[in-house]
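Worksheet for the structure shown next.
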Amino acid sequence: MTEPGARARDAEYAVVVPTLGRPSLRVCLHALAEASGPGPVRVVLVDDRPGAARPPLTADVPPSLRSRTIVVPGGARGPAAARNLGWRAAGDVPWIVFLDDDVVPGPTWGDDLTLDLSAATERTAGITARIEVPLPADRRPTDWERNTAGLAAARWITADMAYRRAALAAVGGFDERFRRAFREDADLALRILDAGWTLTGGRRTTTHPVRPAGRWTSVRLQAGNADDVLMTRLHGRHWWRRAEAHRGRLPVHLAVTGAGVTALGCALLGRHRPAGVCAAAWLAGTTEFALARILPGPRTRDEVLTMVVTSALIPPAATWHWLRGRLAHRTARPLTPLGTGGPAPALRPAVRERLRS
């Protein structure tokens, strides 16, 4: 990747990478540095790791990018807040390109991005990349691998998304109530569209490898149901259609959990017949869910065991987080067509640390 130099001012860009200091950050930054084409005016790493005793990120930055890289403390407030700090610290550049710290920009990424930006109209607010998720060729993908592969079809995913800085400023940036890496990208895209801008797909390609995951990852992911509650509060019941997002199985999870709770309650009250009916409904729903996850997969012993156990745990976990979201976001107001439903987040000065070359 070459130094930013002879190119149109309206094609200049900065790269913002929120990071938890994972080993994948080094791979991401080195791929960025090695890609052909004009490089970023600035690279902003938002260090969102908790605690003060953290190893510096300097070693992860390739020499060709160090003079253009700054580190901004994120405060461990989540990716939405980290990205806001990043784009505000990036300086007065027309475009902000958000990258996740676990993606790998393609070999011609810089050239392709320049073409994407040059083709943008005055009303183009954002240009997404083509996301590729490599899956094993010698076996069927696991449930977690299929889940990650869904990122390739996600709209407006900030794993690699270029936004016009003026559009970000116009809508106040990301909504920092989204504390997880989930739905904050869809929320921003819908607010951008409501403000009269357009979003489009680009030609650049970025790879999103499947990162390692534990047995209980699918259960922990159910925390996203609370974010879906906030999306409904802000954008209405059918927001997922506008965002072209996957609806999920929440209604079924609620029904299965209700059947299980009712079966337990009836059993405790000595009402054995209704308890048996509800227990059968719970078992049928849980079995259907497990089979839906097992049959497309590799069907190894470990995968089947994981699917069976987590298929029983996911519905109550989803229900819990949905109820938690309804409580936490009960005062959230619907967004106005051309606004954000409230005042824009205050611009806070960012603390910067410039890397030494």
Side-chain angles (χ1 to χ4, degrees), residues 1 13-37 39-91 96-110 113 128-129 131-134 144 148 151-152 154 157-163 174 179-182 184-185 204-214 217 350-357:
M1 181 164 282
Y13 68 96
V15 170
V16 172
V17 185
T19 182
L20 295 174
R22 296 182 290 191
S24 57
L25 176 63
R26 175 188 291 269
V27 178
C28 173
L29 294 178
H30 279 262
L32 177 65
E34 295 165 5
S36 64
V41 172
R42 186 167 290 107
V43 176
V44 182
L45 303 181
V46 185
D47 187 350
D48 211 34
R49 293 174 293 179
R54 305 183 300 259
L57 299 175
T58 309
D60 292 326
V61 183
S64 62
L65 294 179
R66 288 188 180 180
S67 63
R68 291 173 271 167
T69 300
I70 61 174
V71 175
V72 178
R77 293 185 297 114
R83 292 191 183 102
N84 280 341
L85 285 171
W87 71 263
R88 290 165 183 159
I96 305 293
V97 182
F98 296 104
L99 293 179
D100 284 351
D101 69 353
D102 57 352
V103 302
V104 184
T108 61
W109 188 87
L113 174 63
T128 189
I131 303 297
E132 295 182 348
V133 180
W144 170 241
T148 305
L151 298 176
I157 181 174
T158 42
D160 183 344
M161 182 71 180
Y163 269 112
F174 291 86
R179 299 295 298 269
R180 304 172 62 256
F182 190 68
E184 84 289 352
D185 47 4
R204 67 192 187 281
T205 300
T206 292
T207 299
H208 193 305
V210 179
R211 65 177 184 266
T217 297
V351 180
R352 307 184 186 187
E353 170 195 353
R354 186 171 292 279
L355 300 186
R356 297 177 180 177
S357 57

>> Among residues at least two apart in sequence or on other chains, which ones pass side-chain hydrogen bond (donor to acceptor under 3.5 Å, both in side chains) with D60?
In response: none
>> With a 3.5 Å distance limit and no angle check, can you tell me whether D47 reaches the backbone of G74 through a side-chain donor-acceptor pair?
In response: no
> How close do P209 and V104 get, heavy atom to heavy atom, and via which atoms?
Replying inline: CG-CG2, 4.2 Å
> Among all residues two or more places apart in sequence or in another chain, which pass the side-chain hydrogen bond (donor to acceptor under 3.5 Å, both in side chains) test with R179?
Replying inline: none
For residues 19-26, which side-chain donor-acceptor pairs fall under 3.5 Å, sequence neighbours excluded?
unit_1	atom_1	unit_2	atom_2	d
T19	OG1	G21	N	2.9
T19	OG1	D101	OD2	2.9
R22	NE	D101	OD1	3.2
R22	NH2	D101	OD1	2.4
S24	OG	D101	O	2.8
R26	NH2	A59	O	3.2

> Could you give the distance from NE2 (H208) to CG (D102), rounded to the nearest 0.5 Å?
Replying inline: 4.0 Å
> Can you list the residues that meet the salt bridge (charged side-chain N to carboxylate O under 4.0 Å, His left out) rule with D100, with sequence neighbours excluded?
Replying inline: R83
>> Would you compute the distance between atom OG1 of T108 and atom CG of L113 and round it to the nearest 0.5 angstrom?
In response: 10.5 Å
>> Using a 3.5 Å distance criterion without hydrogens, assess whether the side chain of R211 forms a donor-acceptor pair with backbone atoms of T148.
In response: no
>> Using 0.5 Å steps for rounding, measure from the CZ atom of F174 to the OH atom of Y163.
In response: 6.5 Å
>> If I compare all heavy atoms of R66 with all of T58, which pair ends up nearest, and what's the gap?
In response: NH2-O, 3.5 Å
> About how many Å separate CG of L57 and OG1 of T69, when rounded to the nearest 0.5 Å?
Replying inline: 10.5 Å
>> For a 4.5 angstrom cut-off between non-hydrogen side-chain atoms, does P105 reach L99?
In response: yes
> Do L32 and V17 come close enough that some side-chain heavy atom pair is under 4.5 Å?
Replying inline: no
> What pair of heavy atoms forms the shortest contact from A213 to W144, and how long is it?
Replying inline: CB-NE1, 3.4 Å
>> Applying side-chain hydrogen bond (donor to acceptor under 3.5 Å, both in side chains), can you list everything that pairs with D160, at least two apart in sequence or on another chain?
In response: W109, R204, T206
> A14: what forms a side chain to side chain contact (heavy atoms under 4.5 Å, CB included) with it, not counting sequence neighbours?
Replying inline: R42, A90, V93, I96
> Would V61 and V71 count as a side-chain contact (heavy atoms from CB on, under 4.5 Å) if you check the C-alpha gap in whole Å, the side-chain angles of each, and the deciding distance to 0.1 Å?
Replying inline: CA-CA 11 Å; V61 183; V71 175; over 6 Å; no
> Nearest 0.5 Å, what's the CD1-CG distance between I131 and L151?
Replying inline: 8.0 Å
> Do you know which two heavy atoms are closest between R77 and D48, and how far apart they sit?
Replying inline: N-OD1, 3.3 Å
>> To check you understand the geometry: which heavy-atom pair defines the closest contact between R49 and P55, and what is its length?
In response: NH2-O, 2.7 Å
